[in-house]
There are 2 protein chains.
Amino acid sequence: MSASVPANTVRSAQEDILNAAAQCFMDRGYAATSIDDVARSLGATKGRIYHHYRSKADLFFDVYRHGMQMNFDIVAPIAEQSLPTIDKLQRMTKEHCLAMIRTQPFQRCVWEGVEMLKRGATTPEQRDVLIELQAMRDNYADIFRAVIEQAKAEGTAQFESSSIALQLMFMSLNSPLFWFRRRDGQDNDIVDEIANQCAIFALRGLGLKEELITDV
Amino acid sequence: MSASVPANTVRSAQEDILNAAAQCFMDRGYAATSIDDVARSLGATKGRIYHHYRSKADLFFDVYRHGMQMNFDIVAPIAEQSLPTIDKLQRMTKEHCLAMIRTQPFQRCVWEGVEMLKRGATTPEQRDVLIELQAMRDNYADIFRAVIEQAKAEGTAQFESSSIALQLMFMSLNSPLFWFRRRDGQDNDIVDEIANQCAIFALRGLGLKEELITDV
DNA sequence: ATTGACAACATACCCGGTAGTATGTTCCTC
DNA sequence: GAGGAACATACTACCGGGTATGTTGTCAAT
């Protein structure tokens with residue numbers, strides 16, 4: 001709130017921490033990552049982390065939140081467009097999958113955050129935050145749910161339970177989180193090709209007719 | 001080797017530990033699970049665990065190994081049968097998915113073990129064991145790889161990279177590990193129905209023609 | 001029946017790592 | 001030059017892996 005503080009400096013300092021934390025949490029998992037690990041990867045010490053975050057969990061939750069926000073920013077605009085259902089679903093799945101690859105460390109934290117809530121081994125305060133973040137994630141999933149249900153209603157998709165279909169679709173689209181890692185000077189085309197194959201697999205899995213599936 | 005020791009007693013004692021450990025590792029994850037947690041869930045103390053296992057990692061690896069062995073025992077007999085490729089693939093996917101649900105705690109440990117090797121934050125000795133277990137897992141995956149490649153050769157499946165297709169297939173079949181948990185008096189039909197939907201999704205994703213996909 | 005030996009644990013203890021805190025230090029701004 | 005932001009340093013408390021040692025029951029040979 002102080003006008004004297006250049007906001008961009010604070011923001012960039014926080015973003016550096018967020019990026020480093022996301023990377024560390026992905027590399028070792030939440031439980032096995034120490035605050036010192038994160039600080040060390042920044043060439044700093046704990047003091048810097050604890051100046052911006054009250055606890056390790058708080059830092060993790062902020063990574064989670066940013067990861068989800070990135071997904072919303074990418075997919076929501078597509079969902080709001082007036083497109084044929086199939087086209088919309090194709091673009092959404094492709095872009096979601098690309099987001100998984102491009103912001104992998106953050107999305108891995110989202111994944112682990114979801115698991116954390118399901119396990120329930122948290123303090124009540126942490127649980128409250130996780131529930132709020134889970135709601136954010138559920139809202140995001142509902143964007144997709146609406147589209148696949150519409151596709152089913154239009155007869156262009158076929159599946160039994162939409163909840164299970166949604167889970168399976170996300171598992172397919174999120175799968176590069178676990179078997180793919182970007183290398184340094186890697187070609188963008190490779191990333192695009194992987195997202196294509198994942199999206200096609202997911203769309204086929206949802207029962208889309210073959211002639212409706214095209215490259216985006 | 002001592003004839004004086006009733007082997008079944010030792011075995012059942014070890015299996016009790018394995019089951020408890022698998023459950024604990026699933027509930028809290030490897031890093032967040034303490035040996036005391038496992039012992040407490042058995043109504044025992046550390047002494048019991050460390051009498052049978054040299055370290056926490058050793059215990060975890062044994063759970064991993066048992067999980068993979070269960071999968072082999074279920075799927076290998078099907079793969080060895082002389083069946084039409086499509087039928088074989090259908091039965092294998094369905095049974096694999098059922099195994100994921102029925103032996104969930106063990107399979108979650110398999111999953112985490114795979115991640116553990118990829119992260120690489122282990123001692124050299126642990127890494128050696130993980131590499132051996134990974135080879136076991138790769139061999140298991142190769143059973144499926146052979147079948148889906150044959151299906152592709154026969155023109156009944158279509159996908160680009162068989163490696164990616166394999167990953168996506170397993171992600172679909174394994175997905176109940178993460179969004180489904182068995183309740184106490186739950187109907188077997190529900191489990192069967194979930195496995196069906198996962199298997200159908202996976203087969204569709206692999207490009208199987210709709211008329212070839214039937215309930216198993 | 002006695003005893004020795006060992007398996008199968010339990011108990012007690014050590015020690016390294018880590019979350020969190022309390023307190024310095026530096027620089028920047030007003 | 002005063003105050004606070006943005007850190008670094010130093011410290012505490014505790015948890016958890018691993019070990020060393022004690023205890024009990026069982027079996028085998030005498």
Side-chain angles (χ1 to χ4, degrees), chain A residues 1-21 24-25 27-63 112 116 119 121-126 129, chain B residues 1-21 24-25 27-63 112 116 119 121-126 129:
Chain A
M1 300 304 276
S2 158
S4 65
V5 175
N8 59 339
T9 297
V10 174
R11 162 164 299 214
S12 88
Q14 287 226 14
E15 279 182 0
D16 287 344
I17 294 176
L18 274 181
N19 285 318
C24 287
F25 287 140
D27 288 342
R28 316 186 189 204
Y30 174 78
T33 299
S34 72
I35 295 287
D36 292 288
D37 287 335
V38 179
R40 197 177 314 123
S41 78
L42 286 164
T45 66
K46 285 198 218 202
R48 182 165 171 194
I49 312 289
Y50 279 105
H51 180 72
H52 293 275
Y53 292 96
R54 288 182 0 189
S55 70
K56 177 182 164 183
D58 263 22
L59 172 58
F60 178 76
F61 295 155
D62 207 26
V63 175
E112 196 169 357
M116 199 179 291
R119 300 194 208 267
T122 59
T123 70
E125 304 84 42
Q126 290 172 5
V129 180
Chain B
M1 300 300 279
S2 158
S4 64
V5 176
N8 59 337
T9 298
V10 175
R11 164 165 295 214
S12 89
Q14 287 227 13
E15 278 181 1
D16 287 345
I17 295 176
L18 273 181
N19 286 318
C24 287
F25 287 141
D27 289 343
R28 318 188 186 200
Y30 174 78
T33 299
S34 72
I35 295 286
D36 293 287
D37 287 336
V38 180
R40 196 178 311 123
S41 78
L42 285 165
T45 66
K46 285 201 230 200
R48 181 166 174 195
I49 311 289
Y50 278 106
H51 181 71
H52 293 276
Y53 292 97
R54 289 182 358 187
S55 70
K56 177 181 167 184
D58 262 22
L59 173 58
F60 178 76
F61 295 155
D62 207 26
V63 175
E112 194 168 357
M116 199 180 291
R119 300 192 207 269
T122 58
T123 69
E125 304 84 42
Q126 290 172 4
V129 180

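We name chains A, B, ... by the order of the sequence lines, and we start the count at 1 in each one.
In the set C:dA19, D:dG18, C:dC9, the nucleotide with an atom closest to the side chain of A:Lys46 is C:dA19. Among the nucleotides D:dG16, D:dA8, C:dA19, the one closest to the side chain of A:Arg48 is D:dA8. Among the nucleotides C:dA19, D:dG17, D:dA8, the one closest to any side-chain atom of B:Tyr50 is D:dG17. Residue A:Asp36 has its side chain nearest to C:dA19 when only C:dA19, D:dG16, C:dA10 are considered. Checking D:dC7, D:dA8, C:dT18 against the side-chain heavy atoms of A:Thr45 singles out D:dA8 as nearest. Among C:dA19, C:dG20, D:dG17, the nucleotide with an atom closest to any side-chain atom of A:Ser55 is C:dG20.
Relative to the six-membered ring of A:Tyr30, A:Lys56 meets both conditions, a distance below 6.0 Å and an angle of at most 45° to the axis.
As a whole-Å value, the separation of B:Gln14 CD from C:dA7 P is 14 Å. A straight line from CZ of B:Arg54 to C1' of D:dG18 spans 12 Å, rounded to a whole angstrom. D:dG17 atom P lies 14 Å from atom CG of B:Asp58, rounded to whole Å. Rounded to whole Å, atom P of C:dG20 lies 15 Å from atom OH of A:Tyr53. In this structure, B:His52 atom NE2 and C:dA8 atom C1' are separated by 6 Å, rounded to whole Å. Per the geometry, CD1 belonging to A:Ile35 stands 12 Å off P belonging to C:dT21, to the nearest Å. Atom NE2 of B:His51 is separated from atom C1' of D:dT21 by 15 Å (rounded to the nearest Å). Taking atom CG of residue B:Leu42 and atom C1' of nucleotide C:dA8, one finds them 14 Å apart after rounding to whole Å.
Between the B:Asp27 side chain and the B:Cys24 main chain, no donor and acceptor come within less than 3.5 Å of each other. A donor-acceptor pair is defined here as one N or O able to donate and one able to accept, closer than 3.5 Å; such a pair exists between the side chain of B:Asn19 and the backbone of B:Glu15.
Taking 4.5 Å as the limit, every side-chain heavy atom of A:Thr33 sits out of range of all side-chain heavy atoms of A:Phe60.
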Could you walk me through whether A:Asp36 and A:Lys46 pass the side-chain contact (heavy atoms from CB on, under 4.5 Å) test, one step at a time?
-> CA-CA 6 Å; A:Asp36 292 288; A:Lys46 285 198 218 202; 3.3 Å; yes
